[in-house]
Amino acid sequence: MNNVEILNRLLSLEPVRTADLPRDQRGIYGLIDHTGHLRYIGCTTKEAENFRKRIHQRHRTGSETHSHYFSKVYNTGRMYRNRLTQQGQRDAKIAKDLRSVFIAEYCRAVYVPLEVTEAEILALEAATIAIAPPECTSWNRATTTVYPEPEDLVDALIARLPVFAHEIDA
């Protein structure tokens, strides 16, 4: 498979919830924002680092200050926390938990499994990013991209969650 075929697949695959990603495959993947658009192309190369682990457990719940793009881009509004100054604060944990649930509910991923070497996956990732339309890689290496809070979606999510009144105030 070449980079053109990979990009075409990323753009045409039906996006899946991050929790539904396979635990036994690696390769090239794309992150889909809450509006349904491909915004990031990445890869998972290590045998122990599968699609579900990389996306559902890292991009969705990881640190806002590293390359965990869902966490970084949706660190906004009621889902905002400053990991460095709010460590251990209850409000910060509530905000991060809300963000994680928001991403699981409204964001998606696409993936192309590859059974090739780590070096080949890395080369294919770079070649795929190089030919992708800019809007499909707008999060790649974006250090300051943060979305405005999608208030209507956050409101709907909070209304469905079994949270206490003091957590909503947080």
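Count residues from 1 along the sequence.
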For a 4.5 angstrom cut-off between non-hydrogen side-chain atoms, does [X] reach [Y]?
X	Y	result
His56	Arg17	no
Tyr111	Ile55	no
Ile158	Arg78	yes

How far apart are the C-alpha atoms of Thr18 and Phe70, what are their side-chain angles, what is the distance that settles it, and do they pass the side-chain contact (heavy atoms from CB on, under 4.5 Å) test?
-> CA-CA 11 Å; Thr18 62; Phe70 278 144; 4.0 Å; yes
With a 4.0 Å cut-off, would you call Arg81 and Asp97 a salt bridge?
->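 Answer for the salt bridge query: no.
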Counting only N and O atoms by type, is there a donor-acceptor contact under 3.5 Å from the side chain of Thr61 to the main-chain atoms of Gln57?
->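 At least one qualifying donor-acceptor pair exists.
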Do the side chain of Arg39 and the main chain of Glu135 share a donor and acceptor less than 3.5 angstrom apart?
-> yes
Kindly compute the distance separating [atom1] ([X]) from [atom2] ([Y]), expressed to the nearest 0.5 Å.
X	Y	atom1	atom2	result
Arg99	Thr76	CZ	OG1	10.0 Å
Cys107	Phe102	SG	CZ	5.5 Å
His37	Cys136	NE2	SG	9.0 Å
Tyr40	Leu31	OH	CG	7.0 Å
Glu5	Asn8	CD	CG	8.0 Å

Looking at [X] and [Y], what are the two nearest heavy atoms and their distance?
X	Y	value
Gly27	Phe51	N-CZ, 3.3 Å
Tyr29	Cys43	CE2-N, 3.3 Å
Arg26	Thr44	CB-O, 3.3 Å
Arg108	Pro15	CB-CB, 3.4 Å
Trp139	Asp33	CZ2-CB, 3.8 Å
Ser138	Thr145	O-OG1, 4.2 Å

Can you tell me if CZ on Arg160 sees more than 12 non-hydrogen neighbours from other groups inside 6.0 Å?
-> yes
Mark yes when over 12 heavy atoms from residues, nucleotides or ligands other than Glu115 sit less than 6.0 Å from its CD; otherwise mark no.
-> no
Qualifying residue for side-chain hydrogen bond (donor to acceptor under 3.5 Å, both in side chains) with His34, from Tyr74, Tyr106, Tyr147 | Tyr74
Parallel, tilted or perpendicular: rings of His59 and His68 (30°, 60°) | perpendicular
Sequence neighbours left out, what passes salt bridge (Lys or Arg N to Asp or Glu O under 4.0 Å) with Glu118? Give chain and number order.
-> Lys46
Just grab all the salt bridge (charged side-chain N to carboxylate O under 4.0 Å, His left out) pairs involving residues 51-61, residues at least two apart or on different chains.
->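 Matches after skipping sequence neighbours: Glu49-Arg58.
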Nonpolar side-chain network containing Met1, other nodes, edges under 4.5 Å | Val4, Ile6, Leu7, Leu10, Leu11, Leu13, Ile28, Ile32, Leu38, Ile41, Val110, Val112, Leu114, Val116, Ile121, Leu124, Ile129, Ile131
